[in-house]
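Here the structure comes first, spelled out in C-alpha cells, and everything after it is commentary.
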Amino acid sequence: MTDDDARAAGVAARLHDVRRRIADAERAAGRRPGSVRLLLATKTVPAALVRAAVGAGVDLIGENRVQELVAKGPELAGLPVEIHLIGHLQSNKVNPALRWASCVQSVDSPEIAARLAERSTGAGRVLDVLIQVNVSGEETKFGVLPAAATDVAAGVAMLPGLRLRGFMTIGPNSPDQGAVRAGYARLRELRDAVVGSGEAGTPEATELSMGMSGDLELAIAEGATIVRIGAAVFGTRQQ
Ligand SMILES: *Cc1c(COP(=O)(O)O)cnc(C)c1O
C-alpha cells in the first residue's frame, strides 16, 4: 500500500466513525435519520485526498479560502460533490468564489451580500447563501451580531441573484458545553424568527450550519442541519 492509499483508507475509516456519531446524535435528539448533512471542511487537505473522500461517499465539502478553492477546483470539477465557501470572503474575490462555489455560507455583512448579488445576477445565476452569525460576540470571529441578524437576513432575502437558505455559526471556543449549546440554540431561535417572519424570500432559510469535530452532538441536539467536520476525518491540522 502506498502512503496515499494508506491516507485514503484512514479517511474512509474515520468518515465511518463520524457518520456513526451523527446517526447516534440524531437518534438521541429524536430527529429523523439522515436529517443532518455532513460537510467536510477541507482546508489544507490536498485535492487527491478530497477525491478519496468523495469516493467514500462525501457529497459536500467546504473551503475557507478562495485561493484554495481556485487551486483545487479544477481537480474536483466533474465529481459528484457540492462545494461551499465557509470562510470570510473579501469583495475583490467574489468572482472566483462564484466560479467554484454553489453556496457561500459565510455572508457576514450587507456589503458582501450586495456584491455577491450584483455579480451573481450579472452571471445569470442564483447563488445559495447562508448568513454567518457571531453568536458568542467574540472579537476574533467574523459574522453579524445576533442583534443585527434578523434585519440583515430580511435584506439579503430580498436581493436578486441570491437565495437565502439559512444561517451558519462557528461555535464559541469554550470547554463550557452549556455555553456552546446556548450559542447554537441562539442560532436556531434566530432562524425560527426569520422563517416565521413572513418576509419575502425567508421561507427557504431553514438551514443551520453549526457544529464541528469537537461538538457536533451539541449542535445536532440544537437542530443543526449541516455539521462541518475537518479534524475528526483528516487529523489535526498543523496550521
Ligand atoms: C476548519 C473548520 C471547520 C471544521 O473544524 P474541525 O474542528 O476541524 O472539525 C468547520 N467550520 C469552519 C468554518 C472551519 O474553518
Side-chain angles (χ1 to χ4, degrees), residues 8 11-26 31-66 68-89 96-107 116 120 125-132 162-171 184 187 191 204-217 219-220 223-235 237:
V11 162
R14 288 190 295 269
L15 261 174
H16 181 79
D17 292 343
V18 166
R19 288 195 179 108
R20 197 171 44 212
R21 279 176 67 190
I22 292 172
D24 287 349
E26 286 170 338
R31 298 184 53 192
R32 186 174 56 76
S35 55
V36 179
R37 223 175 151 193
L38 168 62
L39 174 149
L40 276 198
T42 50
K43 56 177 172 278
T44 77
V45 176
L49 207 53
V50 179
R51 294 180 69 98
V54 174
V58 167
D59 64 1
L60 176 60
I61 66 168
E63 283 288 346
N64 288 69
R65 296 169 65 224
V66 172
E68 248 188 281
L69 260 185
V70 170
K72 290 183 213 170
E75 294 188 68
L76 304 176
L79 293 183
V81 65
E82 246 180 88
I83 306 179
H84 292 186
L85 184 69
I86 60 173
H88 176 66
L89 176 61
L98 271 169
R99 165 92 172 76
W100 293 110
S102 63
C103 173
V104 174
Q105 295 201 359
S106 43
V107 170
L116 278 167
S120 176
R125 277 185 53 185
V126 178
L127 177 74
D128 283 349
V129 295
L130 307 186
I131 292 171
Q132 182 174 351
L162 302 184
R163 184 188 295 118
L164 179 63
R165 296 304 320 277
F167 299 85
M168 182 272 246
T169 195
I170 299 172
Y184 292 150
L187 196 70
R191 188 269 319 261
E204 290 181 299
T206 53
E207 302 283 353
L208 287 176
S209 174
M210 58 191 196
M212 310 200 292
S213 293
D215 63 8
L216 69 88
E217 287 82 3
I220 289 172
T225 63
I226 300 172
V227 291
R228 307 180 310 271
I229 306 300
V233 170
F234 295 114
R237 288 171 299 275

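All heavy atoms count here, side chains included; hydrogens, waters and symmetry mates do not. Nothing fancy with the numbering, it's 1 onward along the sequence.
With rounding to the nearest 0.5 angstrom, the CD1 atom of Ile131 is 12.5 Å from the OG1 atom of Thr169. The distance from atom OG of Ser209 to atom CD1 of Ile226, rounded to the nearest 0.5 Å, is 5.0 Å. A distance of 10.5 Å separates OH in Tyr184 from CD1 in Ile220, rounded to the nearest 0.5 Å. Atoms CD and CD1, from Glu217 and Ile22 in turn, are 9.0 Å apart once rounded to the nearest 0.5 Å.
With hydrogens and angles disregarded, no donor-acceptor distance shorter than 3.5 Å links the side chain of Arg191 to the backbone of Leu208. Looking only at distances, no side-chain donor or acceptor of Arg99 sits under 3.5 Å from a matching main-chain atom of Val70. Looking at Arg125, its side chain does come within 3.5 Å of a backbone N or O of Leu98 through a donor-acceptor pair. With hydrogens and angles ignored, the 3.5 Å screen pairs no side-chain donor or acceptor of Arg31 with any backbone N or O of Ala25.
Looking at residues two or more places apart in sequence or on another chain, you find no salt bridge (Lys or Arg N to Asp or Glu O under 4.0 Å) involving Arg32. For Glu26, there are no side-chain hydrogen bond (donor to acceptor under 3.5 Å, both in side chains) partners at least two apart in sequence or on another chain.
Scanning both residues, Ile86 and Met168, for their nearest heavy atoms gives O-CE, 3.4 Å.
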Tell me which donor-acceptor pairs under 3.5 Å the side chains of residues 51-63 have, and how far apart each pair is, sequence neighbours excluded?
residue : atom : partner : partner atom : Å
Arg51   : NH1  : Glu75   : O            : 2.5
Glu63   : OE2  : Thr42   : OG1          : 2.7
Glu63   : OE2  : Lys72   : NZ           : 2.6

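Taking 4.5 Å as the limit, every side-chain heavy atom of Lys43 sits out of range of all side-chain heavy atoms of Arg65. Side-chain contact between Gln132 and Ile170 is present, with heavy atoms from C-beta onward closer than 4.5 Å. A heavy-atom distance below 4.5 Å is not found between the side chains of Glu207 and Arg37. Residues His84 and Asp128 have side chains not in contact (no heavy-atom distance under 4.5 Å, counting atoms from C-beta outward). Between Leu15 and Leu40 there is a side-chain heavy-atom pair separated by less than 4.5 Å. For the pair Leu89/Leu116, a side-chain contact is recorded, criterion being any heavy-atom separation below 4.5 Å from C-beta on.
Electrostatic pairing of Arg20 and Asp17 counts as a salt bridge here, judged by a charged N lying under 4.0 Å from a carboxylate O.
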